[in-house]
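Data block below; observations after.
Note that these values count all heavy atoms, side chains included, but never hydrogens, waters or copies made by symmetry. We number each residue from 1, following the sequence as shown.
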Amino acid sequence: MLKKSSVVIASVLMAGLVIAAVLTVINPDRGVVLPDPIERDLGAILARDTLVALTSYTSTSYFLYRGQPFGFEYELLNDFAEDQDVVFQIKVVPRDSILYYLNSGLGDIAAARLQPVVEDTSAFGFTRYLYETSPVVVQRVASVDTTQVEAPEVPEALAERVEQKGGDVALEPLAVRARRVRQPEDLAGQEVFLPDDDPYVDRLVELEDEITGDIAIVEVDTTSEALIRNVAVGNIELTVAQENVAQLEAGYYNNLRIEPEVGAPHGVAWAVRDNAPTLRTALDEWILENRDTRRWNQLYRKYYVDRRGYRERIETGFLTARTGNLSGYDDLIKRYAPGVGWDWRLLASQMYQESRFEPRAKSWAGAMGLLQIMPATASDLGLADPYDPQQNIEAAVRYLKWLEDNYWKEEIADPEERVKFILASYNAGAGHVFDAQRLTEAEGGDPAVWEDVAYWLLRKSEQAVYTRPEVRNGYARGLEPVHYVSIILERYEHYQQFVDGEEGAAAVPNQELGT
């Protein structure tokens, strides 16, 4: 079986699936209660060869940048999955519902900068800490010129408030309005915004008793990062956030003050169902073994300490979840992808694999441009300038369509499978794929199923295989086209998380999670 290193399943869930997966009853205190946890521990995960993590989009846990997935928790979980020799999948779900989806069986690990609190630790197993941080007040100490920094998205719950205040975050800096908070007691009488169901809500309620003063806590359906950014531009006055996250945002919005602390340092961990002790033990052992390694420390610095890198991610415009952009060529990809009936994000994933979105890219073999068209193919397609982005994309789409019409449209009835054969042919040539099909058929496999064919394409690098009578095109380094297909489809799944796409033909693979 061919394994992918990681696959992302889109977070948009069908209503029927949600209802079936999360059966809840009304709770007067929290709105809903947890479903009973499904039975699936590490043994079952290993047996099905797939580990699924649940997360929410944040600027540190999991995000897409310049066409590639990144994130502190994403990379660590990928390492753990490799250690367990299983396929890693990650699903984005609402942060305030992540534990409900965990119990329902949608995933096996919850990973979204989780702070273990009493009401959760009694119902879930939390791992050893990944790191420690503290709750801090985030406030602005000066106005900010929003012509010099990115104007943040205003959460829907704040839109009316911003309009009433007369704010225009896109055009002009706003004056500081809030009274400076120098110590926790200064929060008395203040309005503090927090994400829905955030653990720091309970901390502020405790603080009210300690300072004998009321704090107006406003819960908003958004992320901590979004609230910090709205503090910076003056849409709201105060929020409380994890210190390392707040400091990272302060590296971009330099008018923020990240103090005072309003509680003791606490750990950030992953959660598993309370009936999955073997999985928790494996995670704990792996965390203890790796937490002091160079790799772990490098990842922490990369995502929580490197302010310059964070600022670059924002300013380039390719932090996809914030901008909706994958590359500087999205409009051209959208224009031409329908020519082969593909979702434009699939073509974008292929382009990233070919050139990393570099229009002047040239391979050792002479392939040119964004989609790495070979000189002979460029000549056949009448491509005058392979380095011109528009010409290159248009010609590549015509070539993809030609491969489909001349080789695979009749050969492979299943449109999802057909895409894989087209991609492999684009990379290695249709002749080698035909050889692998003949080998597959000779060995009793299905020549219309990519997984069967890929096995024999991999083996075409072996002399005992490429000298067989079924092989007409000789040796092939089969690992390259097999990896090519796998990584493009894997990246496409990531793209679906963050970017809206027009519907293409039914020829777009839809990789569902097996139960």
Side-chain angles (χ1 to χ4, degrees), residues 63-70 150 312-406 419 422-429 480-481 483-485 487-505 507-509:
F63 59 91
L64 204 66
Y65 176 65
R66 288 191 178 275
Q68 280 288 81
F70 290 95
E150 180 189 71
E312 179 184 340
R313 292 197 291 273
I314 295 174
E315 292 182 340
T316 56
F318 299 123
L319 190 57
T320 300
R322 291 177 72 161
T323 66
N325 298 324
L326 286 170
S327 74
Y329 308 100
D330 289 3
D331 288 344
L332 288 173
I333 301 170
K334 291 175 185 178
R335 182 190 307 174
Y336 291 109
V340 70
W342 286 6
D343 183 324
W344 75 273
R345 296 166 297 183
L346 177 60
L347 184 62
S349 179
Q350 184 187 13
M351 182 185 292
Y352 180 89
Q353 188 63 27
E354 290 287 357
S355 68
R356 303 300 192 267
F357 300 134
E358 292 293 338
R360 302 296 302 179
K362 185 173 183 178
S363 77
W364 64 270
M368 300 169 286
L370 287 169
L371 281 151
Q372 291 290 278
I373 299 175
M374 293 294 288
T377 305
S379 177
D380 291 341
L381 294 169
L383 178 55
D385 182 2
Y387 296 108
D388 176 79
Q390 181 171 347
Q391 291 185 46
N392 187 281
I393 296 169
E394 186 274 335
V397 167
R398 279 195 286 121
Y399 182 51
L400 288 165
K401 183 62 175 171
W402 183 87
L403 288 171
E404 178 176 38
D405 290 345
N406 286 273
V419 165
I422 295 170
L423 288 171
S425 301
Y426 190 99
N427 177 260
E480 184 175 337
H483 174 73
Y484 182 83
V485 172
I487 199 68
I488 287 172
L489 296 181
E490 172 189 325
R491 189 180 301 109
Y492 168 60
E493 295 289 348
H494 284 284
Y495 289 2
Q496 288 178 297
Q497 290 274 20
F498 295 103
V499 186
D500 291 334
E502 291 82 25
E503 292 294 331
V508 180

According to salt bridge (Lys or Arg N to Asp or Glu O under 4.0 Å), who are the partners of Asp405, at least two apart in sequence or on a separate chain?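 For Asp405, the residues satisfying salt bridge (Lys or Arg N to Asp or Glu O under 4.0 Å) (neighbours in sequence not counted) are Lys401.
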Give me the atom names and distance for the closest heavy-atom approach of [X] to [Y].
X	Y	result
Ala396	Ile373	N-CD1, 3.8 Å
Leu64	Pro69	CD1-N, 3.5 Å
Ala384	Pro386	O-CD, 3.8 Å
Met368	Pro375	CE-CA, 3.9 Å
Gly369	Ser355	O-CB, 3.6 Å
Arg491	Gln353	NH2-OE1, 2.7 Å

Going by heavy atoms in the side chains, are Ile333 and Leu326 under 4.5 Å from each other?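 The answer is no; the side chains never approach within 4.5 Å.
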Could you tell me whether a side-chain N or O of [X] sits under 3.5 Å from a main-chain N or O of [Y], the two making a donor and an acceptor?
X	Y	result
Arg356	Tyr352	yes
Ser349	Arg345	no
Glu493	Glu490	no
Gln350	Ile488	no
Ser425	Gly429	no

With rounding to the nearest 0.5 Å, note down the distance linking [atom1] in [X] to [atom2] in [Y].
X	Y	atom1	atom2	value
Leu370	Glu358	CG	CD	8.5 Å
Phe63	Gln68	CZ	CD	11.5 Å
Thr377	Trp402	OG1	CH2	9.0 Å
Tyr492	Trp342	OH	CH2	10.5 Å
Met351	Ile393	CE	CD1	3.5 Å
Met374	Leu383	CE	CG	13.5 Å

Determine whether the side chains of Tyr495 and Asp343 contain a donor N or O and an acceptor N or O closer than 3.5 Å. no
Under a 3.5 Å threshold, yes or no: a donor from one side chain and an acceptor from the other, between Glu480 and Tyr484? no
Please determine which of Leu400, Leu403, Leu347 meets the side-chain contact (heavy atoms from CB on, under 4.5 Å) test together with Val340.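 Of Leu400, Leu403, Leu347, side-chain contact (heavy atoms from CB on, under 4.5 Å) with Val340 is met by Leu400 alone.
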Show me the pairs that pass side chain to side chain donor-acceptor pair (under 3.5 Å) and involve residues 380-396, at least two apart or across chains. Tyr336-Gln390, Glu394-Arg398
Walk me through it: do Tyr426 and Tyr399 pass the test ring-ring contact (aromatic ring centres under 6.0 Å, His included)? CA-CA 8 Å; Tyr426 190 99; Tyr399 182 51; 5.5 Å; yes
